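Model, not experiment: these values are computed from the prediction.
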Amino acid sequence: MIRLILPFILVVTGLWAWNLMTSAGHWSVYDQGLLLSGWLSIALLSLTMMLALRPAWLERPMGGLDKIYRTHKWTGILAVAFAAAHWLIEMGDDVIESIFGGISRLDDLHYSGFIEAMRDAAEEVGEFAIYLLFAMVLITLWRKFPYRYWRYLHRAMPALYLLLAFHAAWLAPLDWWQQPIGWLMAALLAGGSLASVLSLAGRVGRRRQVQGKIVAINSPEPSITEVTLDLGRAWQGHRPGQFALVTFNRLEGSHPFTIASADSGNGRVTFLIKSLGDFTRNLAHKIDVGQPVTVEGPYGCFDFNRRNRKAHQIWIAGGIGVTPFLAWLEAASATHQPAPEADLHYCTRNADRDPVVERLQALCRDYPGIKLQIHDSSKGESLSAEALSASESPGARAEVWFCGPAGLGQSLERGLRTAPLRLSRFHKEAFQFR
């Protein structure tokens with residue numbers, strides 16, 4: 001995430017600074033603060049809209065669609081933060097004048113009648129849009145707001161972006177369009193606007209969507225629903241560890257689920273779905289065998305083939321996060337791959353009532369190199385970075401693959417970063433798309 005956002009901000013700020021140094025006009029804190037905050041906001045918002053297109057070609061350099069969406073989330077948050085700064089500077093002109101002296105207002109410049117009318121309209125539109133933007137971000141950050149309602153609000157974001165792009169394009173200094181800063185701004189506005197139009201037209205991810213039907217529904221335990229889909233020949237296959245966006249109900253929209261089965265070449269995929277929200281709760285009673293579904297994907301780079309072959313492998317699964325590891329083991333068994341070697345840690349609330357435990361044990365019997373350890377929280381068993389580090393040789397290089405609750409992942413990663421072992425990399429899924 002930081003690998004994209006930080007260089008982007010540095011480039012955007014650098015072009016503003018270069019334009020400022022080469023400009024012969026009067027410099028003022030108010031004008032440049034207003035321009036820089038607005039420029040950073042619309043640039044980041046444009047990037048946010050383009051990342052929302054789910055560009056598959058960015059998956060490998062960024063580590064998967066889950067990482068792309070996390071970057072999308074934070075570029076949006078930063079864009080709103082700079083928009084707030086832009087608004088505060090505009091509202092605090094008297095305070096800025098009292099602190100820094102006289103200010104040369106951009107609004108004092110005289111334009112022709114048409115341009116002046118468009119600038120006035122852009123200013124009014126921007127003020128209206130920024131209040132809507134603040135409200136939308138607050139609702140997004142309010143986790144208790146139901147997803148099914150938030151989804152519809154979020155779909156209005158492209159229209160809101162187009163209003164802000166209109167505001168930015170008409171209020172940018174005219175001399176910018178003859179400078180590199182204006183060329184980049186034009187490219188970002190064009191890209192963001194195109195992404196917004198595609199989103200409003202429902203074209204995002206359309207090429208990767210496949211129609212199928214439900215062929216089996218099981219409930220291995222009350223909080224888990226196992227769903228098998230038949231996607232036919234249209235499904236191009238998947239790699240173990242990938243996920244897909246599944247739409248069971250058009251009103252509810254799509255949700256990301258990791259594929260729990262290996263690719264068998266017959267278009268059938270299986271998902272293990274945990275009851276984590278309003279829709280997934282009691283999912284088995286909301287769907288039926290034979291029901292049509294839409295699947296978009298596959299996505300993701302949680303791919304064991306990308307492992308560091310010189311590092312000891314540590315696999316950590318928390319709850320339903322075991323699904324990519326099930327797919328890995330099934331794929332290895334089906335294709336008769338060489339036996340992998342890894343320490344597999346599975347954290348569960350109650351091992352005696354967890355059907356996944358038996359399935360994991362059966363899969364691991366064929367692979368002596370897989371050392372399965374069950375951590376049962378009902379018996380007070382927990383997994384910690386200290387325990388993982390103690391099980392490794394001092395100075396040994398290890399690579400961790402983690403899929404599970406975000407809190408557990410953050411705790412383990414922080415602890416392992418300071419542990420005596422040499423942590424080659426900590427791979428983890430980031431499914432918080434909201």
Side-chain angles (χ1 to χ4, degrees), residues 1-17 19-20 28-52 62 67-93 95-96 99-100 106 122-123 125-145 150 153-169 171-173 176 181 184-185 187-189 191-193 195-196 199 406 410 430 432-434:
M1 178 181 69
I2 196 68
R3 289 180 296 177
L4 176 64
I5 295 179
L6 182 58
F8 183 81
I9 290 178
L10 290 176
V11 168
V12 169
T13 306
L15 285 178
W16 165 82
N19 182 77
L20 180 62
S28 76
V29 171
Y30 174 83
D31 285 351
Q32 296 306 321
L34 202 63
L35 288 174
L36 178 59
S37 58
W39 167 222
L40 283 167
S41 179
I42 196 62
L44 285 164
L45 203 55
S46 299
L47 181 59
T48 301
M49 298 309 301
M50 288 186 279
L51 291 176
M62 292 191 65
K67 309 300 190 302
I68 292 175
Y69 260 91
R70 186 170 62 174
T71 304
H72 161 86
K73 170 186 173 181
W74 281 105
T75 53
I77 290 174
L78 287 171
V80 174
F82 285 116
H86 184 74
W87 177 79
L88 287 172
I89 292 171
E90 174 69 25
M91 295 295 103
D93 53 350
V95 176
I96 294 174
I99 296 175
F100 297 101
L106 295 169
E123 190 167 356
V125 165
E127 185 174 358
F128 169 74
I130 200 168
Y131 293 133
L132 291 180
L133 185 65
F134 291 160
M136 187 172 292
V137 170
L138 289 175
I139 292 173
T140 299
L141 295 175
W142 182 25
R143 292 291 179 184
K144 293 184 178 180
F145 191 82
W150 172 83
L153 286 174
H154 193 65
R155 289 184 65 179
M157 186 62 203
L160 187 55
Y161 170 83
L162 292 174
L163 295 177
L164 292 169
F166 172 75
H167 170 84
L171 292 181
W176 274 24
I181 190 172
L184 178 59
M185 185 175 190
L188 290 173
L189 290 177
S193 298
S196 298
S199 180
Q410 293 168 0
Q432 295 181 345
F433 281 9
R434 174 174 170 179

Which atom of [X] lies closest to which atom of [Y], heavy atoms considered:
X	Y	value
Val80	Val137	CG2-CG2, 3.2 Å
Lys67	Met62	CB-O, 3.2 Å
Ala79	Leu45	CB-N, 3.7 Å
Gly33	Ile89	O-CD1, 3.4 Å

Not counting sequence neighbours, which residues clear side-chain hydrogen bond (donor to acceptor under 3.5 Å, both in side chains) with [X]? List them please.
X	result
Ser37	His86
Trp87	Tyr131
Thr48	Thr75

Check whether any side-chain heavy atom of [X] sits under 4.5 Å from a side-chain heavy atom of [Y], and report yes or no.
X	Y	value
Leu15	Asn19	no
Trp39	Ile42	yes
Met185	Ile181	no
Phe8	Leu188	yes

* Asked: Just by modelled atom types, is the Leu51 backbone N or O under 3.5 Å from a matching donor or acceptor in the His72 side chain?
  ->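 No.
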
* To do: Verify, without hydrogens or angle tests, whether Ser196 (side chain) and Gly192 (backbone) share a donor-acceptor contact under 3.5 angstrom.
  =>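 Side chain of Ser196 to backbone of Gly192, a donor-acceptor pair under 3.5 Å: yes, one is there.
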
* **More than 12 heavy atoms of other groups within 6.0 Å of Phe134 CZ** =>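 It does: Phe134 CZ has more than 12 such atoms within range.
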
* To do: Identify, with sequence neighbours excluded, every residue that meets ring-ring contact (aromatic ring centres under 6.0 Å, His included) alongside His154.
  =>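 Counting only residues at least two positions away or on another chain, His154 forms a ring-ring contact (aromatic ring centres under 6.0 Å, His included) with Trp150.
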
Going by side chain to side chain contact (heavy atoms under 4.5 Å, CB included), name the residues that satisfy it together with [X], two or more places apart in sequence or in a different chain.
X	result
Leu153	Ile139, Phe145
Ser193	Tyr161, Leu162, Ala165
Leu40	Ile9, Val12, Thr13, Leu36, Phe82

* **Gap between atom CE of Met49 and atom CG of Leu160 - 0.5 Å precision** =>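 If we round to the nearest 0.5 Å, Leu160:CG and Met49:CE are 9.0 Å apart.
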
